[in-house]
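Fair warning: this is a prediction, and the values are worked out from it, not measured in the lab. Order of appearance sets the numbers: ligands from 1, and atoms from 1 within every ligand.
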Amino acid sequence: MDGSDGIRKGEAMKEIGLVEDALVAVDGGKVVYAGPADGAPSIEAAEVIDCEGKLVTPGLVDPHTHLVFGGSREHELALKQQGVPYLEILKQGGGILSTVQATREADEEELFEKASFHLDRMLSYGITTMEAKSGYGLDADTELKQLRVIKRLNETKNADIVSTYLGAHAIPNEYKGRSQAFLDEMLELMETVKEQELAEFVDIFCETGVFTVEESREYLTKAKEMGFDVKIHADEIDPLGGTEMACEVGAISADHLVGTSEEGIRKLGETDTIAVLLPGTTFYLNKNEFAKAREMIEGNAAVALATDFNPGSSPTENLQLIMNLAALKLRMTPEEIWNAVTVNSAYSIGRGEQAGKIREGRKADLLVWDAPNYLYVPYHYGVNHVRTVIKNGKTLFERGERVGKVSVS
Ligand code: NIG
Ligand code: FE
């Protein structure tokens with residue numbers, strides 16, 4: 001799959017650059033040929049993988065995860081069943097704040113081991129490039145600890161991981177009622193994050209009871225002045241207007257967007273801010289209204305999809321399940337879905353020129369699927385369809401089983 005260059009907006013999301021009877025040649029971890037087998041240059045190959053007519057795609061790109069955290073929140077399931085809303089659990093000091101407590105208590109090694117476990121599972125499901133956020137520290141020490149873990153994962157594990165500083169994820173108990181004072185502290189920490197090169201992006205949770213649109217605008221504007229690209233958790237639960245603001249400040253992506261207004265949809269179409277949709281979260285929060293993907297795409301927006309992997313609102317590493325939900329709940333077509341987990345998701349984390357396509361000169365991040373065609377994966381749900389995961393030209397997983405040691409080459 002290759003096709004045109006750049007972000008795929010609106011109509012362009014129909015394009016997947018499918019090649020039938022293809023051949024991909026890899027050398028030194030990079031793609032050296034990708035195209036029709038008929039007409040390929042003759043190559044002396046040390047190893048040949050016969051894909052038996054099955055689907056081959058680029059490695060999946062997951063552009064929104066909260067990969068590094070302490071503990072888990074299975075006890076919240078009963079509260080959810082009783083109908084206690086997500087924001088009410090947070091208000092009572094649970095939710096994100098209970099993960100903050102567990103993350104503060106965990107040492108760096110424990111966080112690394114735990115995140116490695118989840119990361120390997122993501123890789124086995126075909127995610128070879130992803131984003132990971134801090135945001136379960138909400139204090140200098142723990143935010144930096146999380147970001148160092150993300151950096152170490154990127155350096156030592158077989159996935160490319162792009163880091164986002166999400167110090168503004170919730171208001172910690174010690175700052176209750178003093179959101180501006182807390183944001184000032186997180187802004188100060190942002191300078192250290194910049195100096196230590198611990199993140200490329202800055203994100204904020206713009207939501208009722210967390211940060212307002214105006215607080216978010218000011219915070220993200222300062223982040224941009226410091227040289228970060230910015231993202232936002234916007235209009236996830238209450239439709240506050242974070243989407244419009246994200247487009248106005250030139251955010252690289254606006255994420256969630258369940259309650260985005262008509263005006264927000266129009267702005268997404270007019271700008272290059274990518275709509276990162278997280279239908280797994282809407283499903284897991286037990287909501288009936290999903291993001292308006294159809295209106296967004298018909299309004300010329302670029303849509304990407306992500307797991308939002310986190311211990312509260314979306315405990316899953318399975319981006320393939322998100323593809324199924326996108327088909328059923330967002331009414332996205334298979335072509336749009338593939339673009340949303342490859343080309344557009346790569347652009348939404350600044351990796352559009354490195355990942356998301358099988359192209360000569362790029363890293364050989366390839367998936368061979370136990371699927372006869374590209375329609376099959378968004379259709380058959382709940383299982384791992386990946387037969388072979390190849391990262392930088394090396395086979396890491398075969399039908400979910402590790403091949404050799406999973407560490408950096
Ligand atoms: O993207 N909404 C805010 N942040 C996460 C959830 C984090 C959590 O519940 O621990 C999200 O849904
Ligand atoms: Fe999130």
*Have a look at Trp369 and tell me which of Arg387, Gln320, Lys54 forms a side chain to side chain contact (heavy atoms under 4.5 Å, CB included) with it.*
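Only match with Trp369 under side chain to side chain contact (heavy atoms under 4.5 Å, CB included): Gln320.
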
*asked:* Checking side chain to side chain contact (heavy atoms under 4.5 Å, CB included) between Met130 and each of Val61, Leu123, Leu119, Asp160, which is the one that passes?
replied: Leu119

*May I ask you to check if Lys80 and Tyr284 form a cation-pi contact, with NZ or CZ under 6.0 angstrom from the six-membered ring centre and within 45° of the axis?*
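Pair Lys80/Tyr284 counts as cation-pi.
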
_Metal site the Fe ion (ligand 2): N/O/S of Asp308 inside 2.8 Å_ = yes

_Quick check on the Fe ion (ligand 2): does His233 put an N/O/S atom closer than 2.8 Å to it?_
yes

*Answer yes if the side chains of Thr164 and Glu200 hold a donor-acceptor pair under 3.5 Å, and no otherwise.*
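Side-chain D/A pair, Thr164 to Glu200: absent.
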
Protein N/O near ligand 1 N/O, under 3.5 Å, which pairs?
{"unit_1": "ligand 1", "atom_1": "1 (O)", "unit_2": "His66", "atom_2": "NE2", "d": "3.4"}
{"unit_1": "ligand 1", "atom_1": "1 (O)", "unit_2": "His233", "atom_2": "NE2", "d": "3.0"}
{"unit_1": "ligand 1", "atom_1": "1 (O)", "unit_2": "His256", "atom_2": "NE2", "d": "2.9"}
{"unit_1": "ligand 1", "atom_1": "1 (O)", "unit_2": "Asp308", "atom_2": "OD1", "d": "2.9"}
{"unit_1": "ligand 1", "atom_1": "1 (O)", "unit_2": "Asp308", "atom_2": "OD2", "d": "2.9"}
{"unit_1": "ligand 1", "atom_1": "2 (N)", "unit_2": "Glu236", "atom_2": "OE1", "d": "2.7"}
{"unit_1": "ligand 1", "atom_1": "4 (N)", "unit_2": "His169", "atom_2": "NE2", "d": "2.8"}
{"unit_1": "ligand 1", "atom_1": "9 (O)", "unit_2": "Arg73", "atom_2": "NH2", "d": "2.8"}
{"unit_1": "ligand 1", "atom_1": "9 (O)", "unit_2": "Tyr86", "atom_2": "OH", "d": "2.5"}
{"unit_1": "ligand 1", "atom_1": "10 (O)", "unit_2": "Arg73", "atom_2": "NH1", "d": "2.9"}
{"unit_1": "ligand 1", "atom_1": "10 (O)", "unit_2": "Arg73", "atom_2": "NH2", "d": "3.4"}
{"unit_1": "ligand 1", "atom_1": "10 (O)", "unit_2": "Tyr136", "atom_2": "OH", "d": "2.6"}
{"unit_1": "ligand 1", "atom_1": "12 (O)", "unit_2": "Glu236", "atom_2": "OE2", "d": "3.3"}
{"unit_1": "ligand 1", "atom_1": "12 (O)", "unit_2": "Asp308", "atom_2": "OD2", "d": "2.9"}
{"unit_1": "ligand 1", "atom_1": "12 (O)", "unit_2": "Ser313", "atom_2": "OG", "d": "2.6"}

_Greater than 12 external heavy atoms within 6.0 Å of Glu108's CD_ = yes

*Within a radius of less than 6.0 Å around CG of Asp107, do more than 12 heavy atoms belonging to other residues, nucleotides or ligands occur?*
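Yes - once you tally the heavy atoms of other residues, nucleotides and ligands closer than 6.0 Å, there are more than 12.
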
*If you stand at the Fe ion (ligand 2) and look out to NE2 of His66 and NE2 of His64, what angle do those two lines make, to 10°?*
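With the Fe ion (ligand 2) as the vertex, NE2 (His66) and NE2 (His64) sit 100° apart.
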
*Less than 4.0 Å between a side-chain N and a carboxylate O, is that true for Arg104 and Glu174?*
yes

